[in-house]
Undergrad: 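Just dropping this structure here.
All residue numbers refer to positions in the sequence shown, counting from 1. Both ligands and their constituent atoms are indexed starting at 1 by order of listing. Because only heavy atoms are used, hydrogens play no part in the values below, and waters and symmetry mates are left out as well, while side chains stay in.
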Amino acid sequence: MLNNTPVITDMKVIPVAGYDSMEMTLSGAHAPYFTRNIVILEDNSGHTGIGEIHGGEYTCECLTSYIPLVVGQEVGKYRSILGTIHRGGRKAPGDDGEGIQTLDISKLKFVVQAEWAIECALLDLLGQHLGVPVCELLAEGKQRSQVEVLGYLFYVSDKGKTSLPYIDESNSSDSWFRMRRREMVSHEQIVEQACCLQEKYGYRNFKLKGGVFSGEYEMETIRALKKQFPNGRINIDPNGAWSLQEAIGLCRDMGHILSYVEDPCGPEAGFSSREIMAEFKNATHIPVATNMIATNWRQFYHAAALKSVDIVLADPHFWGLEGSLRMAALLNDWGLTWGSHSNNHFDITLTTFAHVAAAAPGSPTALDTHWIWQDGQNLLKDTPAIRDGYLEVPDRPGLGVTLDMEKVMEANRLYHSMPNHDRDDAMAMQYLIPGWKYDSKKPCLVR
Ligand code: GKR
Ligand code: MG
């Protein structure tokens with residue numbers, strides 16, 4: 001007679017919201033709030049498993065529709081549970097399969113796979129049942145007890161130019177918390193941002209979110225950062241805003257400054273980003289990273305065949321925890337590099353990143369995380385810390401963290417107070433440039 005693993009007795013999907021700064025990107029300006037969906041599973045041994053994924057109605061509806069496929073199932077059969085969800089998957093209305101190679105934010109929901117929040121929660125339960133941390137259940141098991149993360153720098157607009165309810169932290173006793181809510185657009189202000197982050201979290205490596213000003217201006221910021229951090233690895237991500245010729249011109253002489261460039265150009269002249277980025281690499285020999293042109297295995301096949309990228313930022317919210325690590329193993333075997341992309345998130349995702357990166361074979365590149373922009377709005381009682389530029393990997397069974405239900409319900413109330421739940425970066429941008437419309441080829445302040 002087989003000993004059964006615990007049975008899932010309940011699954012809750014709780015949409016939540018948190019506060020954000022007016023960070024700018026190619027897609028516009030971040031709104032005052034960002035949204036996420038939290039999955040909470042209970043099993044009949046008394047354990048709770050949790051997962052977090054992107055917000056918005058579509059992802060929330062997908063998750064809710066999966067509840068009957070999860071409740072009543074055995075935790076040990078988590079792969080079959082996820083397999084059933086996949087087999088039942090149908091093509092969502094509006095999904096043209098284009099993915100996010102032009103950073104069209106309305107398509108992000110099709111690249112994000114809601115069920116990975118369930119995978120995370122199931123692994124949390126299984127880890128607790130077996131008495132091991134989640135990273136021990138993944139890939140080749142735990143490779144490291146802390147994972148490197150980078151300081152994610154953003155140009156931030158003046159929220160005073162809007163009538164939107166952005167959070168104000170000017171009275172905070174924490175210098176980073178005070179800084180992150182104010183305008184930062186000059187080279188000096190971005191260097192100050194990086195110095196403040198180094199002071200608080202110990203970062204040595206940084207990524208600048210580009211696609212805001214002209215490419216020349218943003219490269220000036222990059223040069224200023226390198227001057228301040230001569231030993232730091234400095235990257236830029238314009239989200240494909242530059243044309244191929246422009247990207248080559250901007251990057252050709254930056255090989256000694258940029259450790260990699262992320263999605264420098266996008267589709268043009270009938271060629272996909274995979275083809276265009278291969279041409280960029282041939283012309284500049286600068287390592288190229290992506291979270292836009294390889295977001296599923298079919299896209300990755302073409303990117304690999306064309307040698308379009310050196311670094312795949314395989315976000316577990318796009319690829320799944322196990323899928324992201326399949327990618328890590330493959331890249332490592334091929335002499336390429338794994339990392340992870342991020343969007344705004346709470347600390348459950350932060351913990352997920354820690355476990356996935358802890359299990360990644362080889363030498364991952366420092367992970368992206370937006371969490372520093374949300375630090376302090378935690379949904380956990382024991383958020384993993386970032387110190388000396390490294391995120392700690394919890395060493396307790398499962399994810400090794402404890403949900404703070406009061407905070408979750410507070411974030412849920414904030415969510416329900418919002419008129420819209422889908423990300424819309426054009427709305428805040430229109431306060432800066434009346435009638436502003438997204439253009440995948442124009443930095444957001446260049447109109
Ligand atoms: O948070 O606005 C943002 C980012 O620009 C995000 O939308 C991107 O998906 O950070 C991401 C990236 O690396 O492309
Ligand atoms: Mg990117």
Undergrad: Test of understanding: given a 4.0 Å heavy-atom threshold, classify the contact between Arg423 and ligand 1 as side chain, backbone, both, or neither.
TA: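 The answer is the side chain.
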
Undergrad: For Ser27, is at least one N or O under 3.5 Å away from an N or O on ligand 1?
TA: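 N/O-N/O distance under 3.5 Å: no.
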
Undergrad: Does His30 reach ligand 1, in the sense of a heavy atom lying below 4.0 Å from it?
TA: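 Heavy atoms of His30 do come under 4.0 Å of ligand 1.
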
Undergrad: Only N/O/S atoms count here: what is the atom of Glu262 closest to the Mg ion (ligand 2) called?
TA: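 Restricting Glu262 to its N, O and S atoms, the minimum distance to the Mg ion (ligand 2) goes to OE2.
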
Undergrad: Which atoms of ligand 1 are found less than 4.0 Å from any heavy atom of Lys209?
TA: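 Ligand 1 atoms under the 4.0 Å threshold to Lys209: 4 (C), 5 (O), 8 (C), 10 (O), 11 (C), 12 (C), 13 (O), 14 (O).
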
Undergrad: Does a side-chain N-to-carboxylate-O contact under 4.0 Å join Asp96 and Lys107?
TA: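 Result for this pair is yes, salt bridge flagged.
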
Undergrad: Step through it carefully: locate the ring centre of His317, locate the ring centre of His54, and say whether they are under 6.0 Å apart.
TA: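 Centroid distance His317-His54: below 6.0 Å, so yes.
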
Undergrad: Take atom CD in Glu199; do more than 12 heavy atoms of anything else shown fall under 6.0 Å from it?
TA: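 Count not over threshold, so no.
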
Undergrad: Could you check, using the six-membered ring where one of them is a Trp, whether Trp319 and Trp297 have ring centers closer than 6.0 angstrom?
TA: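 Trp319 vs Trp297: aromatic centres under 6.0 Å.
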
Undergrad: As an exercise, identify every atom of ligand 1 less than 4.0 angstrom from a heavy atom of Ser342.
TA: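 Answer for ligand 1: 10 (O), 11 (C).
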
Undergrad: Among the N, O or S atoms of Asp237, which one sits nearest to the Mg ion (ligand 2)?
TA: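 Sorting the N, O and S atoms of Asp237 by distance to the Mg ion (ligand 2) puts OD2 first.
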
Undergrad: Is it true that Asp174 and Lys200 make a salt bridge, defined as a side-chain N closer than 4.0 Å to a carboxylate O?
TA: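 Result for this pair is yes, salt bridge flagged.
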
Undergrad: Closest non-hydrogen protein atom to atom 10 (O) of ligand 1, residue and atom name please, with distance?
TA: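 That would be Tyr152 OH, 2.8 Å.
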
Undergrad: Verify whether the ring centers belonging to Phe353 and His345 lie closer than 6.0 Å.
TA: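 Yes, the ring centres sit under 6.0 Å apart.
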
Undergrad: With a heavy-atom distance limit of 4.0 Å, tell me whether Asp237 approaches ligand 1 through its side chain, its backbone, both, or neither.
TA: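 Side chain only.
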
Undergrad: Determine, using ring centers only, whether Tyr58 and Phe110 are less than 6.0 Å apart.
TA: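 Distance test on ring centres: under 6.0 Å, yes.
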
Undergrad: Regarding Asn291, does it place an N, O or S atom less than 2.8 Å from the Mg ion (ligand 2)?
TA: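 Here the distance criterion (N, O or S atom, under 2.8 Å) is met by Asn291, so yes.
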
Undergrad: Which residue, His370, Arg423, Gln374, forms the side-chain hydrogen bond (donor to acceptor under 3.5 Å, both in side chains) with Asn344?
TA: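 Only match with Asn344 under side-chain hydrogen bond (donor to acceptor under 3.5 Å, both in side chains): Gln374.
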
Undergrad: Tell me, yes or no, whether the heavy-atom count around Arg447 atom CZ, taken from other residues, nucleotides or ligands under 6.0 Å, exceeds 12.
TA: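 Above 12, so yes.
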
Undergrad: Testing the 3.5 Å rule here: is there a donor-acceptor pair between the side chains of Lys209 and Tyr155?
TA: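 Absent: no donor and acceptor within the cut-off.
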
Undergrad: Tell me the protein heavy atom at minimum distance from atom 1 (O) of ligand 1, and give that distance in Å.
TA: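 The closest one turns out to be His370 NE2, 2.7 Å.
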
Undergrad: Does only the side chain of Leu26 get under 4.0 Å from ligand 1, or the backbone, or both, or neither? Count heavy atoms.
TA: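 Leu26 to ligand 1: no contact under 4.0 Å from either part.
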
Undergrad: Using modelled atom types and a 3.5 Å cut-off, is there a donor and acceptor pairing between side-chain atoms of Glu23 and backbone atoms of Ala29?
TA: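 Between the backbone of Ala29 and the side chain of Glu23 there is no qualifying donor-acceptor contact (under 3.5 Å).
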
Undergrad: Please work out whether any backbone atom (N, CA, C, O) or any side-chain heavy atom from C-beta onward of Asn343 is under 4.0 Å from ligand 1, and answer side chain, backbone, both or neither.
TA: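 For Asn343, only side-chain atoms sit under 4.0 Å from ligand 1.
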
Undergrad: Short N/O distance, under 3.5 Å, between Asp425 and ligand 1?
TA: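 Asp425 vs ligand 1: no N/O contact under 3.5 Å.
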
Undergrad: Does Glu262 approach ligand 1 within less than 4.0 angstrom via side chain, backbone, both or neither, non-hydrogen atoms only?
TA: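 Under 4.0 Å from ligand 1, Glu262 contributes side-chain atoms alone.
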
Undergrad: Between Asp368 and the Mg ion (ligand 2), is there a contact where an N/O/S atom of the residue lies under 2.8 Å from the metal?
TA: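 No.
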
Undergrad: Kindly confirm whether the Mg ion (ligand 2) is within less than 2.8 Å of some N/O/S atom in Asp263?
TA: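 Coordinating: no.
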
Undergrad: Which atoms from ligand 1 have a heavy atom of Asn239 less than 4.0 Å away?
TA: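 Counting atoms of ligand 1 from 1, those under 4.0 Å from Asn239 are 5 (O), 12 (C), 14 (O).
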
Undergrad: Around atom 9 (O) of ligand 1, find the nearest protein heavy atom and jot down its residue, atom name and distance.
TA: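 For this ligand atom, the closest protein heavy atom is His341 NE2, 2.8 Å.
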
Undergrad: Do Asp168 and Arg181 meet the salt-bridge criterion of a basic N to acidic O distance under 4.0 Å?
TA: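 Looking at Asp168 together with Arg181, the answer is no, because their closest N to O distance does not fall below 4.0 Å.
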
Undergrad: Would you say Lys207 contacts ligand 1, with heavy atoms under 4.0 Å as the rule?
TA: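 Contact check Lys207 vs ligand 1: negative.
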
